Amino acid sequence: MKVSLFITCVVDSVFPNVGVSLTRILQECGCDVSFPPQQTCCGQPAFNSGYTDEARDVGMTLLRAFRDSDVVVSPSGSCVGMIHHYYPQLFANDPQLHQAAVDLANKTYEFSQFMVKQLQITDLGARFPHRVTYHPSCHGSRLLGVKDEPMQLLQGVHDIEIVELPYATDCCGFGGTFAVKMGEISGAMVDEKAENVARTDAEVLVGTDMGCLMNIGGRLRRTNRAVRVMHLAELLMEGMQLGKAVNA
Amino acid sequence: MSTPHSSSNVHDRAQQALADDFLRKAVHFTTDRLRNKKQAVTGEFGNWEAWRERGQQIRQHTIAHLDYYLDQFARHLEAHGAHVHFAATGEEASYIVREIAAAKSAKRAVKSKSMVTEEIHLNHHLEEMGVQVVETDLGEYIIQLAGETPSHIIIPAIHKNREQIRDLFEAESGEQLTTETRDLAAFARRRLRQEYLTADIGITGCNFGIAETGSIALFTNEGNADLVMNMPKTHIVLMGMERVLPTMSDLEVFAHLLPKSATGQNVITYMSIVTGPRRDNEADGAEEMHVIILDNGRSRQLGDPDFQAILHCIRCGACLNVCPVYRQIGGHAYGSVYPGPIGAVLSPLLNDGETYQDLPYASSLCGACYEACPVKIPLHDMLVRERQRLVATGHVKPAEKAAFRAFRQVFGNAGRYQTTIRIARRLQFPLAHDGYIRAKIGPVAGWTTSRDFPALPKRTFRELWPELVRKGNGRG
Ligand code: SF4
């Protein structure tokens with residue numbers, strides 16, 4: 001299957017290893033992976049702040065980049081949610097762009113969603129002998145509706161110990177520009193989230209959105225808590241390597 | 001709809017709330033309890049999503065035909081002998097109440113269940129003309145004694161703990177009380193009983209007005225609304241113009257949706273339905289009944305595809321109970337009569353966008369409110385639309401505008417984006433330590449005050465890509 005990556009600006013610039021892991025996993029699963037270089041960002045920071053024109057101009061980079069793609073896969077439920085829910089209305093004024101937006105929405109998947117629903121793979125032969133807790137990001141789970149898929153993939157990992165995160169579905173306080181604009185409220189929210197992560201005694205916090213993980217990870221680090229923060233793709237990739245080494 | 005807090009901004013008020021451990025503990029405790037109960041009750045009840053759909057449909061239909069149903073409602077009320085008043089503004093509604101009070105030479109009024117009276121600051125206006133108003137809902141009574149305003153739309157005293165409540169009651173009564181619920185409630189009951197007997201006017205809100213019958217339906221847990229509307233000679237109902245339902249069978253749907261969403265109760269303790277003043281063959285009821293139907297910015301939302309759905313709201317408070325922002329700062333920090341997600345959307349709309357402009361930003365857009373809402377109002381989308389409006393009407397800071405202009409410049413083109421990342425990588429050098437940035441400077445201080453920010457790594461994903469594709473594709 002031909003798959004184009006929508007890597008997102010945060011992963012591209014700050015967490016490239018998430019992209020590397022995502023690429024390797026898809027390649028292992030037999031996908032022919034491409035990276036259209038015209039892409040930048042889904043435009044969500046501008047859109048959520050009310051700057052529609054700015055969001056549209058930035059979103060155009062995705063319409064152009066993925067015009068000829070069959071399937072688009074992304075490591076962020078939030079950015080995919082942006083495309084699914086808001087692109088059609090964002091580009092409503094121009095019939096051609098609107099069609100392109102609808103097409104893009106129809107062929108774009110969040111990583112775990114693509115693995116479970118499209119490839120129908122939940123067991124990658126990964127081995128990860130650690131205590132892990134999972135934070136379901138709001139946009140991916142609530143707005144995009146990807147609720148079970150990440151957990152299904154985690155349950156397919158061998159030797160993993162999954163501990164439930166208290167108040168898991170509560171927002172971590174990221175919210176894009178909210179974290180800066182309403183820094184004090186956002187800070188209180190992430191403090192509670194980090195506190196709950198620490199209470200699980202997990203070695204690893206895993207999630208599917210680097211915005212949220214950057215936020216929670218930043219707070220964990222500030223409060224000197226030695227919890228490793230990983231994207232689901234990173235955890236699976238590391239687990240697959242270990243799985244192979246053990247089986248070899 | 002100004003409030004004592006509206007001079008400061010949401011930041012200052014939030015800071016104040018965040019520093020108040022009592023408040024935060026009390027809010028955490030109660031919202032936890034409410035949302036857990038709600039989850040249990042709706043899970044047991046089953047098909048909750050289908051019930052929400054039904055609720056949404058009924059509200060959509062009603063608001064789309066609001067003029068028709070209001071007219072029907074008013075005609076039926078009048079046929080039962082009630083007086084119906086339409087008030088365009090809060091001042092007008094308050095004037096009508098004062099006129100009635102003056103005509104009755106009223107000295108005392110008892111009140112129950114009305115956020116609308118808070119919205120129009122009725123107590124204040126009545127007290128100015130010498131009418132003493134006593135709140136009879138336990139929560140409202142507590143905050144009245146404390147001289148405060150509600151901080152939740154159905155649990156007005158949510159920010160108070162037992163000890164604080166006992167202290168207030170002791171100060172009022174001169175008695176010694178314990179912090180036991182039974183003791184506290186018993187005191188309030190003793191105390192309030194006298195008030196019903198001596199009040200000239202009973203003022204209530206209205207959960208739902210039923211158009212086909214001209215009835216007022218009130219949901220309470222303490223039974224006090226029954227006394228408020230039946231004991232005094234005059235009963236005044238204050239209701240927002242959106243609070244109608246077409247039929248009694250629609251009410252049945254909301255008899256499920258409202259208590260389950262609000263407090264996680266399967267059924268409400270008292271659902272009181274009153275249809276007109278006392279008739280000749282009836283034993284009790286008010287001799288005179290006035291129903292004041294308030295607009296106060298509501299009708300402006302009719303026909304606006306972006307915001308009409310806000311009129312579907314049944315004021316259940318479920319969105320507050322799940323809101324992670326409300327959880328941290330409580331209700332007063334919003335500075336508006338209506339706090340939480342519903343308040344953040346509604347307050348600027350009722351005030352034509354000229355006040356409460358910072359409220360649409362007091363949300364991380366996590367969507368928990370939408371998920372909780374029994375009539376599926378997309379509050380998170382509405383908050384974004386309000387922000388769009390503020391941008392379109394120039395109500396934003398020049399620095400913010402410039403930042404998003406730069407964002408468009410940089411992220412609107414992959415080449416410029418790459419160049420910018422390269423420059424930023426070099427510029428961050430003096431700030432980054434161990435791969436992280438802590439410096440509290442410029443616009444990022446909001447972030448770095450409470451958390452570290454990862455520094456940009458040596459290479460972006462797109463710079464790593466050529467290697468990845470060489471090694472990887474064609475495998476598997
Ligand atoms: S917006 Fe929805 S959840 Fe919030 S108070 Fe209104 S009906 Fe309840």
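Below, chains carry the letters A, B, ... as their sequence lines are ordered, and counting in each starts from 1. None of these values were measured; they are calculated from a predicted model.
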Checking [X] against chain A: side chain, backbone, both or neither under 4.5 Å from a heavy atom?
X        : answer
B/Phe407 : both
B/Asn36  : neither
B/Arg385 : neither
B/Val322 : neither
B/Leu456 : both
B/Glu400 : both
B/Asp32  : side chain

Could you check whether atom [atom1] of [X] has more than 12 heavy atoms from other residues, nucleotides or ligands sitting under 6.0 Å from it?
X        : atom1 : result
B/Gln39  : CD    : no
B/Glu49  : CD    : yes
A/Asn93  : CG    : no
A/Lys147 : NZ    : yes

Looking only at heavy atoms and a cut-off of under 4.5 Å, which of [options] has the most pairs with chain A?
options                                : value
B/Ala455, B/Ala414, B/Ser450           : B/Ser450
B/Ala14, B/Ser363, B/Ala362            : B/Ser363
B/Ala403, B/Pro360, B/Pro454, B/Ala445 : B/Pro454
B/His380, B/Gln418, B/Glu463           : B/His380

Heavy-atom contact with chain B under 4.5 Å, split by part of [X]:
X        : value
A/Ile185 : both
A/Leu5   : side chain
A/Cys9   : both
A/Phe47  : both
A/Ser186 : both
A/Asp170 : side chain
A/Val190 : side chain
A/Asn17  : neither

> Run the side-chain contact (heavy atoms from CB on, under 4.5 Å) check on B/Phe453 and A/Met214 step by step: do they pass?
Replying inline: CA-CA 7 Å; B/Phe453 194 87; A/Met214 172 167 79; 4.0 Å; yes
>> Suppose we screen for side chain to side chain contact (heavy atoms under 4.5 Å, CB included). Which residues come up paired with B/Gln409, at least two apart in sequence or across chains?
In response: B/Arg416
Leading residue by heavy atom contact count with chain B [cutoff under 4.5 Å; candidates [options]]:
options                            : answer
A/Gly187, A/Ser13, A/Gly183        : A/Ser13
A/Asn48, A/Ile216, A/Asp191        : A/Asn48
A/Gly176, A/Pro45, A/Gly217        : A/Pro45
A/Pro37, A/Ala188, A/Ser78         : A/Ala188
A/Ala194, A/Ala179, A/Ser141       : A/Ala179
A/Leu26, A/Asp12, A/Ile7, A/Val180 : A/Asp12

Measure the [atom1]-[atom2] distance between [X] and [Y] for me, rounded to the nearest 0.5 Å.
X        : Y        : atom1 : atom2 : answer
A/Cys41  : B/Arg408 : SG    : CZ    : 14.0 Å
A/Glu192 : B/Arg24  : CD    : CZ    : 7.5 Å
B/Asp381 : A/Leu143 : CG    : CG    : 8.0 Å
B/Lys401 : A/Ser49  : NZ    : OG    : 14.0 Å
A/Asp57  : B/Arg405 : CG    : CZ    : 13.0 Å
B/Phe404 : A/Thr177 : CZ    : OG1   : 5.0 Å

Looking only at non-hydrogen atoms, find the nearest pair between [X] and [Y] and report the distance.
X        : Y        : answer
A/Pro16  : B/Thr460 : CB-C, 4.0 Å
A/Met189 : B/Val325 : SD-CG2, 3.9 Å
A/Thr40  : B/Phe411 : OG1-O, 2.6 Å

>> Would A/Arg221 pass as a cation-pi partner of B/Tyr436, given that its NZ or CZ must be under 6.0 Å from the six-membered ring centre and within 45 degrees of the axis?
In response: yes
> For A/Glu184 and B/Gln328, what are the C-alpha separation, side-chain angles and deciding distance, and is it a side-chain contact (heavy atoms from CB on, under 4.5 Å)?
Replying inline: CA-CA 10 Å; A/Glu184 61 284 82; B/Gln328 300 302 337; over 6 Å; no
> Are the aromatic ring centres of B/Phe461 and A/Phe35 under 6.0 angstrom apart?
Replying inline: yes
> Which of residues 58-71 of chain A get closer than 4.5 angstrom to chain B, counting heavy atoms alone?
Replying inline: A/Val58, A/Thr61
Is [X] reaching over with its side chain to a backbone N or O of [Y], donor-acceptor style, under 3.5 angstrom?
X        : Y        : answer
B/Ser364 : A/Gly175 : no
A/His139 : B/Leu365 : yes
A/Arg222 : B/Thr448 : yes

> Is a side-chain donor-acceptor pair under 3.5 Å present for A/Asn215 with B/Arg451?
Replying inline: yes
